[in-house]
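Indexing begins at 1, ligand by ligand and atom by atom, following the structure's order. Heavy atoms only: backbone and side chains are in, while hydrogens, waters and symmetry mates are out. Position 1 is the first residue of the sequence, and the numbers go up from there. Just so you know, these numbers come straight off a predicted model, no measurement behind them.
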Amino acid sequence: MEGKLLSVIIPVYNEQEVLLSAYERFEAALKSIGSPYELIFVDDGSTDETMPMLRTLVEKNSSIKVLSFSRNFGHQLAVTAGMDAAAGSALIIIDVDLQDPPELIAEMVELWEQGAKIVYGKRLKRKGETIFKRLTAFLYYRLLKSMSAYPIPLDSGDFRLLDREVADGFLKMREHNRFLRGMSAWMGYNAQPLEYVRAERYAGQTKYTLKKMLKLAWDGISGFSSRPLTLPGWLGLTLMLLSGLGFIALIILSAAIGAAPWLWAVAGFAFLQGVTLAALGLQGAYMSRMYDELKGRPLYIIKERIGQLPK
Ligand code: UDP
Ligand code: MG
């Protein structure tokens with residue numbers, strides 16, 4: 001079958017234990033699809049044998065392409081660099097450690113051929129991960145969903161297929177602190193889930209340290225929600241309202257039976273605290289607008305043009 005070019009983007013950071021086995025499975029999975037493909041490995045500043053191994057692979061197989069970073073820039077930027085370099089009609093993002101089974105790419109491609117513009121892997125189960133990781137991930141996805149203005153799907157990572165059209169729009173977003181799955185949700189389009197059981201890491205240790213996880217978690221919230229900035233304002237307004245009611249109650253109380261002076265002090269203090277918080281929230285509201293401008297995302301994404309329109 002002569003299909004369209006598939007670009008598979010694989011970030012790698014010190015993955016000498018998994019690289020060769022992963023390559024074999026990737027190659028087998030892609031050959032079975034029958035479309036031309038490119039495997040773009042992005043070396044995120046590895047210091048082990050990953051790069052020498054990749055050099056050998058490139059010589060063996062001309063479908064392999066490698067980008068090597070000057071230092072560790074992080075997984076999200078490695079994926080972005082791979083997407084920038086991809087030439088395919090569909091881009092598939094997948095981890096190298098075989099936690100996302102490469103065989104599922106065939107199913108993603110099938111859904112794409114049926115018209116899905118984004119196919120994202122949805123984890124039904126996560127094998128071999130600590131309770132801590134599973135619990136924090138579970139809670140985090142739900143917190144993010146409740147805060148985000150865009151429908152970021154639950155329990156899905158970066159394992160996904162993006163149509164070229166979507167990828168082109170996506171790559172117009174040049175924000176530095178990237179949270180790819182949020183950006184993918186921001187794009188809209190018909191995003192189709194593909195449920196799968198997330199396997200254990202094939203070998204080696206996780207390269208996502210707790211610090212990197214926390215940064216990613218914060219990038220997700222700060223990139224897709226302005227609530228942390230405006231929340232103090234709502235708290236402040238509530239406090240002002242409550243202390244205002246308190247004042248009214250105190251006036252009535254002191255006319256009837258008298259009120260202790262410290263009650264007035266408490267109400268006054270609460271009111272002033274409310275004013276401060278409200279002012280902070282107001283600043284936050286402006287800051288969130290400035291932040292939106294700074295992110296410089298496209299204003300809109302057009303999916304289709306119908307009729308005679310100027311370009
Ligand atoms: N990775 C990367 N740069 C990093 C950390 C991770 O390119 O700074 C790659 C890593 O090689 C793997 C993918 O990102 O292909 C996911 O990392 P990992 O499997 O260690 O994370 P986990 O699955 O434990 O969350
Ligand atoms: Mg992993």
**Prompt:** For the salt bridge (Lys or Arg N to Asp or Glu O under 4.0 Å) test, which of Arg123, Lys145, Arg142 pairs with Asp155?
**Reply:**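 Running salt bridge (Lys or Arg N to Asp or Glu O under 4.0 Å) over Arg123, Lys145, Arg142 with Asp155 returns exactly one hit, Arg142.
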
**Request:** Please say whether Asn72 places an N or O atom under 3.5 Å from an N or O atom belonging to ligand 1.
**Result:**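 Asn72 vs ligand 1: N/O contact under 3.5 Å present.
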
**Asked** Is there any N or O on Glu129 that sits under 3.5 Å from an N or O of ligand 1?
**Response**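 Glu129 vs ligand 1: no N/O contact under 3.5 Å.
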
**Request:** Identify, for atom 9 (C) of ligand 1, the protein heavy atom at the shortest distance, and state residue, atom and that distance.
**Result:**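 Closest protein heavy atom to atom 9 (C) of ligand 1: Pro11 O, 3.8 Å.
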
**Prompt:** Which residue holds the protein heavy atom closest to atom 20 (O) of ligand 1, what is that atom called, and what is the gap in Å?
**Reply:**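 Here the nearest protein heavy atom works out to Lys207 N, 2.5 Å.
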
**Message:** Measuring from non-hydrogen atoms of Lys212 to any atom of ligand 1, is the shortest distance under 4.0 Å?
**Reply:**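 Yes, Lys212 has a heavy atom closer than 4.0 Å to ligand 1.
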
**Prompt:** With a 4.0 Å cut-off on heavy atoms, does Arg198 reach ligand 1?
**Reply:**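 Arg198 counts as a contact of ligand 1 under the 4.0 Å cut-off.
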
**Request:** Mind running ring pair (Phe, Tyr, Trp, His ring centres under 6.0 Å) on His75 and Tyr208 for me, showing each step along the way?
**Result:** CA-CA 9 Å; His75 168 249; Tyr208 253 100; 5.5 Å; yes

**Message:** Determine whether Asp292 and Arg289 satisfy the following criterion, salt bridge (charged side-chain N to carboxylate O under 4.0 Å, His left out), listing intermediate values before the conclusion.
**Reply:** CA-CA 5 Å; Asp292 282 343; Arg289 285 172 176 239; over 6 Å; no

**Asked** Regarding Ser7 and Glu38, is there a side-chain donor-to-acceptor distance under 3.5 Å anywhere?
**Response**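 Yes, side-chain donor-acceptor contact under 3.5 Å.
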
Under 4.0 Å, heavy-atom basis, I'd like to know which part of [X] is in contact with ligand 1: side chain, backbone, both or neither.
X	value
Met213	neither
Glu200	neither
Val12	backbone
Asn14	neither
Glu15	side chain

**Asked** More than 12 heavy atoms of other residues, nucleotides or ligands under 6.0 Å from NZ of Lys295: is that the case?
**Response**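 Count over threshold, so yes.
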
**Message:** Within a 6.0 Å radius of atom CG on Leu139, are there more than 12 heavy atoms belonging to other residues, nucleotides or ligands?
**Reply:**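 Counting neighbours around CG of Leu139, more than 12 heavy atoms of other residues, nucleotides or ligands fall under 6.0 Å, so yes.
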
**Prompt:** Do the non-hydrogen side-chain atoms of Gln192 and Ile118 ever get within less than 4.5 Å of each other?
**Reply:**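 Side-chain contact under 4.5 Å: no.
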
**Request:** Answer yes or no: is there a side-chain heavy-atom contact under 4.5 Å between Phe159 and Ile93?
**Result:**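 Heavy-atom side-chain distance check fails, nothing below 4.5 Å.
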
**Request:** For the Mg ion (ligand 2), check which protein N, O or S atoms are under 2.8 Å away and list them.
**Result:**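 Listed by chain and number: Asp97 OD2, Gln99 OE1.
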
**Request:** Report the C-alpha distance between Glu200 and Arg126 in whole Å, list the side-chain angles of each, state the deciding distance to 0.1 Å, and finish with yes or no for salt bridge (charged side-chain N to carboxylate O under 4.0 Å, His left out).
**Result:** CA-CA 8 Å; Glu200 258 177 78; Arg126 305 162 71 113; over 6 Å; no

**Message:** Only heavy atoms of Asp97, strictly under 4.0 Å: list the atoms of ligand 1 that pass.
**Reply:**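 Reading through ligand 1 atom by atom, the close ones are 19 (O), 23 (O).
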
**Message:** Who clusters with Met287? Use side-chain heavy atoms, under 4.5 angstrom, across I, L, V, M, F, W and Y, and order the result by chain and number.
**Reply:**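 Traced through the cluster, Met287 reaches Leu229, Met290.
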
**Prompt:** Quick check: does any side chain N or O of Asn14 sit under 3.5 Å from a backbone N or O of Asp48, one acting as donor and the other as acceptor?
**Reply:**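 Such a contact is found between Asn14 side chain and Asp48 backbone.
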
